[in-house]
Amino acid sequence: MRENRMPRRPRRNRKSQVIRDMVEETQVTTADLIFPIFLVEGQNKKTPVASMPGIFRLSGDLVLNEIEACMNLGVRAFDIFPAVEEQYKDKTASKSYDPDFFYLKTLKEVKKRFPEACIMTDIAMDPYSADGHDGVVSEGRILNDETLTILGRMALAQAETGVDILGPSDMMDGRVGYIRDLLDENGFTDVSIMSYTAKYASAFYNPFRDALDSAPKFGDKKTYQMNPANRKEALIEAELDTVEGADFLMVKPALAYLDIIRLLKDETSLPIAAYNVSGEYAMIKAAHEKGWLDGDRVMKETLLSIRRAGADVILTYFAKAFAQLQKQSEI
Ligand code: PBG
């Protein structure tokens, strides 16, 4: 090679910010994000979640304020989870479909106050279950079809509040079809389902279970959540959720499962969501607090990697912080 002669020099496309921006392949925007929020009963309550710095359990009045603040930053989609006191929990999660229970009442208020926001809910028994499992427990086993009846009631009660997307996170077989059918039968044809399609039995959910006090009282969730070793099984779940009527397919967790996000993106046609879960958030926050990582930069890189893997939508506890950073960079 003669001096200086080299036809391909990829560094030319990295030589300035303008060119780097021009050739950028993937972007994360605030519009791609859904912000999970933890709701508690009462008034003017705000308690930190110890394992999730910056995240709080909020009472309904403060949730309304939080949503307003987020909307002003451009975050327009929220997934609201209830933290339920032990005294309300029972074997059949009966509070989950009681229209007078604070979760359903708050959802109604939220939709009334912010009709333009997209509100998502969670369908699973664990926050309301005395056993801390996502399904009905009998003699140490999680019963599938008996659970569907309860999930169906929960879905209808949530749909009644006017929410936009229901998120079955329970991993019972046939629940998407069961819920879709019930919604349609009752006139809720416009209510969407974002199915937790490939939800793995993961150790990354612990901070979330702290937030909701919803850890299983015995055993683990391995008979319903997926084995982290499996890839093809995600395709089976995706196929079923698609024919059963899901509008979005979700992969959860996100980071240790980027290959699954890509797999579903390539092999299916529905929009793919990824849940950047509590443990993924906690790791970055903890390392930032120790001064070992730059939390903001790692957050952006993390969200970008999830988008690059193929996620159209990201559920993330970083949604508000990301939007704040975006806003600052626009100024
Ligand atoms: C409940 C549910 C869980 C999460 C979302 N919905 C926990 C679990 O399945 O044990 C986890 C979210 C997170 O870790 O951020 N079915």
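Position 1 is the first residue of the sequence; numbering continues from there. All figures in this text were calculated on a predicted structure; none of them were measured in a lab. Each ligand, and each atom within it, is numbered from 1 in the order the structure gives.
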Proximity of S278 to ligand 1 by residue part, where a heavy atom lies under 4.0 Å: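 For S278, backbone and side-chain atoms both sit under 4.0 Å from ligand 1.
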
Side-chain heavy atoms of R180 within contact of D184, under 4.5 Å: yes

Can a donor-acceptor pair be found, under 3.5 Å and without considering hydrogens, that links the side chain of [X] to the backbone of [Y]?
X	Y	value
T197	S195	yes
R57	F38	no
N144	M172	no
R307	A311	yes

Just need the protein heavy atom nearest to [atom], so name the residue and atom and give the distance.
atom	answer
atom 8 (C) of ligand 1	K221 NZ, 3.3 Å
atom 1 (C) of ligand 1	D126 OD2, 2.9 Å
atom 9 (O) of ligand 1	K199 NZ, 2.6 Å
atom 5 (C) of ligand 1	K252 NZ, 2.5 Å

Non-hydrogen atom of Y317 closer than 4.0 Å to ligand 1: yes

Any E280 heavy atom less than 4.0 Å from ligand 1: no

Side chains of [Y] and [X]: any donor to acceptor distance under 3.5 Å?
X	Y	result
Y88	E41	yes
D32	T29	yes
S51	D210	yes

Taking 4.0 angstrom as the limit and counting only heavy atoms of [X], give me the atoms of ligand 1 inside it, by number and element.
X	answer
D134	16 (N)
A124	16 (N)
D122	1 (C), 6 (N)
Y275	12 (C), 15 (O)
Q225	8 (C), 9 (O)
R209	8 (C), 10 (O)

S169 N/O to ligand 1 N/O under 3.5 Å: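 So ligand 1 has an N or O lying under 3.5 Å from an N or O of S169.
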
D170 N/O to ligand 1 N/O under 3.5 Å: no

Pairs meeting criterion salt bridge (Lys or Arg N to Asp or Glu O under 4.0 Å) with involvement of residues 66-76, two or more places apart: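 Salt bridge (Lys or Arg N to Asp or Glu O under 4.0 Å) check on residues 66-76 returns E66-K320, E68-R113.
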
Winner among F208, F38, F204, Y200 once heavy atoms are compared against atom 3 (C) of ligand 1: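 When every heavy atom of F208, F38, F204, Y200 is considered, F208 comes closest to atom 3 (C) of ligand 1.
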
side-chain contact (heavy atoms from CB on, under 4.5 Å) partner of P36, chosen from F78, Y281, Y275: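 Of the listed residues F78, Y281, Y275, the side-chain contact (heavy atoms from CB on, under 4.5 Å) partner of P36 is Y275.
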
